[in-house]
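Data first, discussion second: the structure below is written as structure tokens.
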Amino acid sequence: MKIKACLFDLDGVIVDTAKYHFLAWKELAADLGFEFTEEHNERLKGVSRMASLDILLGIGGIAATKEEKEKMAESKNERYVSLIKKMNPDEILPGVLDFLNEIKDAGIKTAIGSASKNAPLIIDRLQLGRYFDAIIDGNNVSHAKPHPEVFLKGAEALNAGASECVVFEDAVAGIKAAVNGKMKCIGIGDSKVLREADMVIPGFGKFNLEKLLLL
Ligand code: B16
Ligand code: MG
């Protein structure tokens with residue numbers, strides 16, 4: 001295929017922010033009087049903030065009004081932001097920078113396609129701004145993954161057609177979003193979980209442009 005653009009999910013692909021989400025959700029759950037485990041946290045990957053809160057409240061068996069939920073989400077986000085503010089470029093996942101440099105040199109356009117409303121702050125903390133031609137995140141979309149909106153907007157911003165894009169995703173909902181957008185998709189993680197991806201890699205460590213072009 002002719003690749004004009006690569007669209008990258010953020011958490012789990014470029015950086016592991018799931019550990020910070022976990023700490024912040026765990027504190028909220030403790031305030032509410034129940035334990036939130038790492039296993040529970042797996043269910044929140046790639047899921048929007050409010051949908052994540054609904055899952056967490058379901059685990060705790062807690063009912064809340066819309067106003068209460070908004071306060072809880074705000075307090076979780078304050079904790080989360082205080083953690084990600086301390087991030088630095090050393091936290092970029094292995095192989096990511098080499099791969100970004102390689103595809104930029106080859107003239108391939110790049111965009112972030114993330115559910116996170118904090119994506120601009122994270123990109124700034126990681127000093128990755130110059131590597132991305134567009135950032136589409138939770139602030140720019142009205143439909144969460146598996147709806148393809150975030151990737152379709154990314155393609156549009158890069159002036160690329162869906163058939164010219166490759167999506168990099170770590171979450172099942174994100175892979176489905178790429179499939180729904182009729183885009184090729186490379187899963188980051190376990191091929192038994194990310195079944196709908198066109199190719200699955202454990203990370204960018206041993207990945208390069210030559211392998212991308214095999215798609
Ligand atoms: P925020 P991604 C997602 O990022 C995370 O995987 C998910 O756990 C989080 O709830 C979501 O962003 C929203 O994040 O609360 O910062 O808006 O994987 O889509 O880059
Ligand atoms: Mg992700």
Side-chain angles (χ1 to χ4, degrees), residues 6-29 36-59 69-87 91-93 96 110-126 128 132 134-154 167-178 180-181 185-190 193-194 196-197 200-204:
C6 286
L7 309 177
F8 297 85
D9 175 52
L10 183 58
D11 174 28
V13 172
I14 303 286
V15 68
D16 175 20
T17 43
K19 60 186 177 198
Y20 301 123
H21 281 295
F22 173 60
L23 291 173
W25 286 128
K26 194 175 166 63
E27 279 188 38
L28 175 69
F36 183 75
T37 66
E38 287 200 49
E39 209 180 337
H40 291 142
N41 195 55
E42 286 300 308
R43 291 166 56 187
L44 309 189
K45 285 189 178 173
V47 177
S48 74
R49 193 181 306 166
M50 292 313 283
S52 297
L53 177 62
D54 283 334
I55 295 172
L56 179 134
L57 293 175
I59 290 165
K69 283 192 203 176
E70 270 158 20
K71 278 200 183 123
M72 288 175 194
E74 202 181 308
S75 120
K76 179 268 171 180
N77 193 54
E78 276 169 17
R79 288 169 167 132
Y80 176 65
V81 168
S82 73
L83 294 168
I84 58 172
K85 269 187 181 162
K86 296 180 208 144
M87 290 177 80
E91 294 182 56
I92 298 168
L93 290 172
V96 167
T110 54
I112 288 286
S114 166
S116 175
K117 292 185 173 176
N118 294 299
L121 171 62
I122 298 166
I123 296 294
D124 183 56
R125 291 301 309 152
L126 300 177
L128 281 176
F132 295 102
I135 296 179
I136 311 293
D137 61 29
N139 301 294
N140 314 118
V141 295
S142 36
H143 304 286
K145 300 167 187 176
H147 192 286
E149 184 183 11
V150 70
F151 295 132
L152 294 178
K153 284 198 167 161
V167 169
F168 292 84
E169 252 294 347
D170 70 310
V172 173
I175 305 269
K176 282 191 195 297
N180 289 338
C185 184
I186 298 188
I188 312 292
D190 183 346
V193 179
L194 306 176
E196 288 184 67
V200 178
I201 57 174
F204 287 94

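First listed ligand is number 1; within each ligand, the first listed atom is number 1.
- Using 4.0 Å as the threshold, S52 has a heavy atom nearer than that to some atom of ligand 1.
- Counting heavy atoms from C-beta on, the side chains of F204 and V13 come closer than 4.5 Å.
- With respect to E91 and R125, no salt bridge is recorded, no charged nitrogen being found less than 4.0 Å from a carboxylate O.
- In this structure, M87 CE and I122 CD1 are separated by 6.0 Å, a value rounded to the nearest 0.5 Å.
- Side-chain contact between K26 and N41: absent, with no pair of heavy atoms (C-beta onward) separated by less than 4.5 Å.
- Contact annotation: for V47 versus ligand 1, heavy atoms closer than 4.0 Å belong to the backbone alone.
- A 6.0 Å sphere centred on NZ of K19 holds more than 12 heavy atoms belonging to other residues, nucleotides or ligands.
- Of all N, O or S atoms in D11, the one lying closest to the Mg ion (ligand 2) is O.
- Of all the heavy atoms of H21, the ones lying under 4.0 Å from any atom of ligand 1 belong exclusively to the side chain.
- Distances from ligand 1 to the non-hydrogen atoms of G46 include at least one value under 4.0 Å.
- Atom OD1 is the N, O or S atom of D170 at the shortest distance from the Mg ion (ligand 2).
- By the 4.5 Å heavy-atom criterion applied to side chains, I135 and L10 are not counted as neighbours.
- Sorting the N, O or S atoms of D9 by how far they are from the Mg ion (ligand 2) puts OD2 first.
- Considering only non-hydrogen atoms, atom 12 (O) of ligand 1 lies nearest to S116 out of A171, S116, A119.
- The nearest heavy-atom contact from the protein to atom 19 (O) of ligand 1 is A115 N, 2.7 Å.
- When each of D11, D137, N77 is checked for a side chain to side chain donor-acceptor pair (under 3.5 Å) with N118, only N77 meets the rule.
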Decide side chain to side chain contact (heavy atoms under 4.5 Å, CB included) for M72 and L56; before the verdict, give the C-alpha distance in whole Å, the side-chain angles of both, and the deciding distance to 0.1 Å. CA-CA 11 Å; M72 288 175 194; L56 179 134; over 6 Å; no

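- Side-chain atoms of T17 and Y80, non-hydrogen and from C-beta on, do get closer than 4.5 Å to each other.
- Residue contacts with ligand 1 include K145, since one of its heavy atoms falls under 4.0 Å from the ligand.
- Within the 4.5 Å cutoff, no side-chain heavy atoms of I59 are placed close to those of W25.
- Close approach of ligand 1 to L10 is summarised as follows: ligand atoms under 4.0 Å from at least one heavy atom of the residue are 20 (O).
- Residue N118 has at least one heavy-atom neighbour below 4.0 Å for each of these atoms of ligand 1: 1 (P), 16 (O).
- Taking a cut-off of under 4.0 Å to the non-hydrogen atoms of L44, the atoms of ligand 1 that pass are 7 (C), 8 (O).
- Protein heavy atom at the shortest distance from atom 18 (O) of ligand 1 is D9 OD1, 3.0 Å.
- Using a 4.5 Å heavy-atom threshold, the side chains of D190 and V200 count as separate.
- Set against the non-hydrogen atoms of S114, the atoms of ligand 1 under 4.0 Å away are 2 (P), 4 (O), 19 (O), 20 (O).
- Looking at ligand 1, you won't find any N or O of Y80 less than 3.5 Å from one of its N or O atoms.
- The Mg ion (ligand 2) lies at 2.8 Å or more from every N, O or S atom belonging to E169.
- The parts of D11 lying near ligand 1 are both backbone and side chain, judged by heavy-atom distances below 4.0 Å.
- Less than 4.0 angstrom separates some heavy atom of K117 from each of these atoms of ligand 1: 1 (P), 16 (O), 17 (O).
- Protein heavy atom at the shortest distance from atom 15 (O) of ligand 1 is R49 NE, 2.8 Å.
- Between the side chains of H21 and K45, no donor N or O sits under 3.5 Å from an acceptor N or O.
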